[in-house]
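The chain is numbered in sequence order, starting from 1. As the structure is a computational prediction, the values presented were derived from the model and not from experiment.
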Amino acid sequence: MEITERIRKIVKEKSDKYLENDPGKYDFWNGHLKYVYDEATELAKKYGADLEIVQLGALLHDIALLEKVGAKADHHTNGKILAEKILREYDYPEDRMQRVLGCVLHHRSSK
């Protein structure tokens with residue numbers, strides 16, 4: 001199984017767990033993550049970006065929210081830490097990992 005599918009499976013499982021335990025029953029996967037992943041995939045193809053980097057960044061960009069780590073305002077920095085831990089578990093190449101982590105860290109809007 002390729003890395004993107006492995007991470008997608010992990011994120012989907014975490015999203016399902018989030019839904020199960022969220023009092024508001026927010027479906028993070030179907031309400032946000034799947035949409036971001038699909039749109040990021042299409043944009044990567046359109047503009048010739050590295051598909052794997054873009055897809056991993058899309059999958060992991062809100063990992064801190066799924067894990068309920070820290071404040072929402074800091075989810076990009078906490079997400080970078082969590083995403084790095086996950087990618088290291090799969091011995092993801094350092095240079096490519098830094099690019100994915102950049103996506104996670106810098107995805108946050110300035111609003």
Side-chain angles (χ1 to χ4, degrees):
M1 182 184 303
E2 68 177 70
I3 187 70
T4 303
E5 284 307 309
R6 288 179 180 180
I7 300 303
R8 184 181 168 114
K9 183 178 177 188
I10 288 168
V11 171
K12 177 70 169 84
E13 288 170 358
K14 289 180 183 299
S15 181
D16 290 346
K17 185 176 178 182
Y18 182 95
L19 176 60
E20 209 174 276
N21 296 311
D22 182 43
K25 296 298 178 197
Y26 180 66
D27 185 347
F28 227 113
W29 181 258
N30 289 304
H32 179 64
L33 293 172
K34 186 175 120 184
Y35 172 77
V36 170
Y37 176 84
D38 290 345
E39 288 296 311
T41 297
E42 290 305 311
L43 288 170
K45 289 176 182 177
K46 180 177 180 178
Y47 293 106
D50 186 311
L51 189 58
E52 182 179 273
I53 299 294
V54 171
Q55 287 178 329
L56 290 174
L59 288 169
L60 293 168
H61 82 279
D62 279 343
I63 195 72
L65 295 176
L66 281 177
E67 293 286 337
K68 297 182 181 181
V69 173
K72 183 176 182 178
D74 299 325
H75 81 281
H76 60 295
T77 54
N78 291 321
K80 179 182 179 276
I81 294 165
L82 295 172
E84 182 174 1
K85 182 179 176 196
I86 292 168
L87 293 170
R88 287 199 186 281
E89 288 175 13
Y90 289 97
D91 295 320
Y92 197 65
E94 185 70 30
D95 61 322
R96 296 184 62 74
M97 179 172 47
Q98 291 307 318
R99 292 173 63 199
V100 173
L101 297 178
C103 295
V104 173
L105 182 62
H106 299 292
H107 85 276
R108 191 170 151 251
S109 166
S110 60
K111 295 177 186 176

Who are the side chain to side chain contact (heavy atoms under 4.5 Å, CB included) partners of [X], not counting sequence neighbours?
| X | value |
| --- | --- |
| Glu20 | none |
| Lys68 | Tyr18 |
| Glu89 | Lys85 |
| Lys45 | Thr41, Glu42, Leu51 |

ask   = Of all residues at least two apart in sequence or in a different chain, which pass the ring pair (Phe, Tyr, Trp, His ring centres under 6.0 Å) check with Tyr35?
value = none
key: Test ring pair (Phe, Tyr, Trp, His ring centres under 6.0 Å) applied to Tyr92 - qualifying residues, sequence neighbours left out   = none
key: Any residue meeting salt bridge (Lys or Arg N to Asp or Glu O under 4.0 Å) with Arg96, in chain and number order, not counting sequence neighbours   = Asp50, Glu52
message = Suppose the criterion is ring-ring contact (aromatic ring centres under 6.0 Å, His included): which pairs have a residue in residues 61-88, not counting sequence neighbours?
response = His32-His61, His61-His107, His75-His107
Pairing residues for [X] by the side-chain hydrogen bond (donor to acceptor under 3.5 Å, both in side chains) criterion, not counting sequence neighbours:
| X | answer |
| --- | --- |
| Asn30 | Asp27 |
| Asp74 | none |
| Glu2 | none |
| Lys72 | none |

